[in-house]
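Working notes, structure below.
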Amino acid sequence: MTNESSSSASNFIREAIEEDLRQGRFTYVRTRFPPEPNGYLHIGHAKAICIDFGLAEAFGGKCNLRFDDTNPVKEDVEYVEAIKEDIHWLGFDWEDREFYASDYFEQLYQFAIKLIKKGKAYVDDLSPEQIREYRGTLTEPGKESPYRNRSVEENLNLFERMRAGEFPDGARVLRAKIDMASGNMNLRDPVMYRIIHATHHRTGDQWCIYPMYDFAHGQSDSIEGVTHSLCDLAYEDHRPLYDWFLDELEIFHPRQIEFARLNLSYTILSKRYLKQLVEQGYVRGWDDPRMPTLRGMRRRGYTPEAIRRFIEQIGVSKNESLVDISLLEHILRDDLNQRVPRVMGVLDPVKVVITNYPEGQVEEFEAVNNPEDESAGTRLVPFSKVLYIERDDFREVPPPKYHRLSPGREVRLRYGYIIRCEEVVKDPQTGEVVEIRCTYDPETRGGYAPDGRKVKGTIHWVSALHAVDAEVRLYDRLFTVPEPGKPEEGKTYLDYLNPDSLKVLTGCKVEPSLLNAVPGDRFQFERKGYFCVDPDSTPGHPVFNLTATLRDTWAKIEGELQGG
RNA sequence: UGGGGCGUGGUGCAAUGGCAGCACACCAGACUUUGGAUCUGUGGAUCUUGGUUCGAAUCCAGGCGCCCCAGCCA
């Protein structure tokens, strides 16, 4: 269960590729991941990336990175850099195959000329509103534009002048002449080129006409010799259009195969919504650890391996599904459990004084760094008379089945001694426990009871004298319902934001070995969860992000006790 | 009679005419110096109707349900 066979799971796309190779439709495999540089990558993109790169590799082929940058007003270099960084972090490499649809603008233009000359494309003067009206509806056919039958010469002339910048935005478009009565809306004379007087992040002011995605994507794949163009289900009914362009242009014909995109419970994976969360301040940025963006997950402490294993596990199909986020969390924990060092950190400290422990004495106990990995070795943890333990690890009135510290009861300090609670000091005003006074049994060094007595509870602790102060940011799911993207009548996804998705804890006490931790370092705080050092950390004052809690069986028991 | 796609436990994915299986979740137990991890076990599914067949989740026909498409976005 720990090490799944890597990327060998079969799926319908893999079978289709095998079939293509067997039949000689293609003699090699080339895929591509085609993001538009207008936003940050999220876990949904990770699925596409793993499929595109993974399948190419599985067949000894390559995967190109191609930016589909056909809309200058929405795109920016900032996004291309971020996208490249995130793909590399995930563990994939496109080597020298970094392409841009904008690299093909001149060729695309020539393709358009060819279609005009074939009488398969025309310049339309209709306004955007008119084009919409002429398009018809889902159940009624559209009608042909009065400009549809212009001569080839006139179309050529007009299109050249569009390129030359003679017309304002929106004045004219170039359209494919296909079928205004088609049941497939994409075939009702789709727009191929529009006029946009805007500076493109790569081509500058070289162009004022830009190809539509539909006129760029298929041909870009063709130019690159892409054999298998894998994409979202949404493009299923665009395929006949791409086929039409490729066939009319008589160029290399890739095979497009569509699969369902990822939906994750308690999560939103829409660029538009994610952007809104950032811009309206619902989260602290694109890399907020609560975000499903790759940068957010990275900052949260996710490993790229866990994300890739998750994508393998969920499989590939055409079913529109909602994957339970607990699967992601399970795989994350499984990965972290194997590789991350253990450490002790007290999130909500309360003071414990060992009354019979010598004043000023310090001992060091050997602690195992990772019980799952012997090679991780051990470390020394200092112990002294005054300690901090978790406030929740003490109950003045212990509930049933509670086997931690309470008056008159014993508990084991992990790697330390067995202690007994003798006295509780409370704040006279608030009644809050301010100090727990205990005695220790000197015979139990290391936590072993030589008399064989059973001590059920083992709790973590930090020596007050040696503790490092830390900030800990606790995260919970951003949304309170499984499908925030499908709000009930009259609500929006924002109505389901979890008000408790972030809790900032200050004054946390962590063991001194954590003083040298650097941003990105991951740890398991024993009995609490996995944490990752945040870039906001300053020397001597680390900040930790909760990556994932440990399974908490006690919380479940207690919840059931309270629930009746 | 617009076009396209999809229906398998609660969730996701398998089974490619031959005993419906795996993972997560759930529930119960064992073990435990992390109430972690690990181990064992229980329950639960083929949208529906009819047909073909010795045999159907799979093939055929009809029905039902859900999703996508009317940007000069991608």
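The sequence lines fix the lettering, A, B, ..., with proteins before strands; numbering per chain opens at 1.
Within the structure, every side-chain polar atom (N or O) of R404(A) is placed at least 4.0 Å from both OP1 and OP2 of rG35(B). Under 4.0 angstrom from either OP1 or OP2 of rG71(B) there lies at least one side-chain N or O belonging to R135(A). An OP1 or OP2 oxygen of rG5(B) is reached within less than 4.0 angstrom by no side-chain nitrogen or oxygen of R239(A). Considering only side-chain N and O atoms, H330(A) lies under 4.0 angstrom from the phosphate OP1 or OP2 of rC24(B).
An anti base is found at rG29(B): its glycosidic angle is more than 90° from 0.
Comment: D124(A) does not engage R150(A) in a salt bridge, judged by the lack of any side-chain N to carboxylate O separation of less than 4.0 angstrom. R420(A) has a carboxylate O that lies under 4.0 Å from a charged side-chain N of E410(A), or vice versa, which qualifies the two as a salt bridge. Salt bridge absent: D335(A) and R333(A) never bring a charged side-chain N and a carboxylate O closer than 4.0 Å.
If you check every strand for non-hydrogen atoms under 4.0 Å, L126(A) touches a base.
For D237(A) against rG3(B), a side-chain-to-base donor-acceptor contact under 3.5 Å is present. Judged by atom type and distance alone, E372(A) reaches the base of rG36(B) through a side-chain donor-acceptor pair under 3.5 Å.
When each of D124(A) and N337(A) is assigned the nucleotide of RNA chain B with its nearest heavy atom, N337(A) is the one assigned upstream, toward the 5' end. Between G136(A) and I314(A), the residue anchored closer to the 5' end of RNA chain B is I314(A), taking for each the nucleotide with the nearest heavy atom.
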Produce the list of close N/O pairs, under 3.5 Å, pairing protein atoms with atoms of nucleotides 57-59 of chain B; give distances to one decimal.
none

Please convert RNA chain B into dot-bracket. A pair counts if it is Watson-Crick or G-U wobble with both distances under 3.5 Å; crossing pairs go in [ ] and bases paired with another strand get |. .((((((..((((....[..))))..((((.......)))).....(((((..]....))))))))))).....
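Closest approach to the H238(A) side chain among rA74(B), rC69(B), rG35(B) is made by rA74(B) (side chain taken as heavy atoms from C-beta onward).
Between the side chain of S406(A) and the main chain of R409(A), no donor-acceptor pair closer than 3.5 Å is present.
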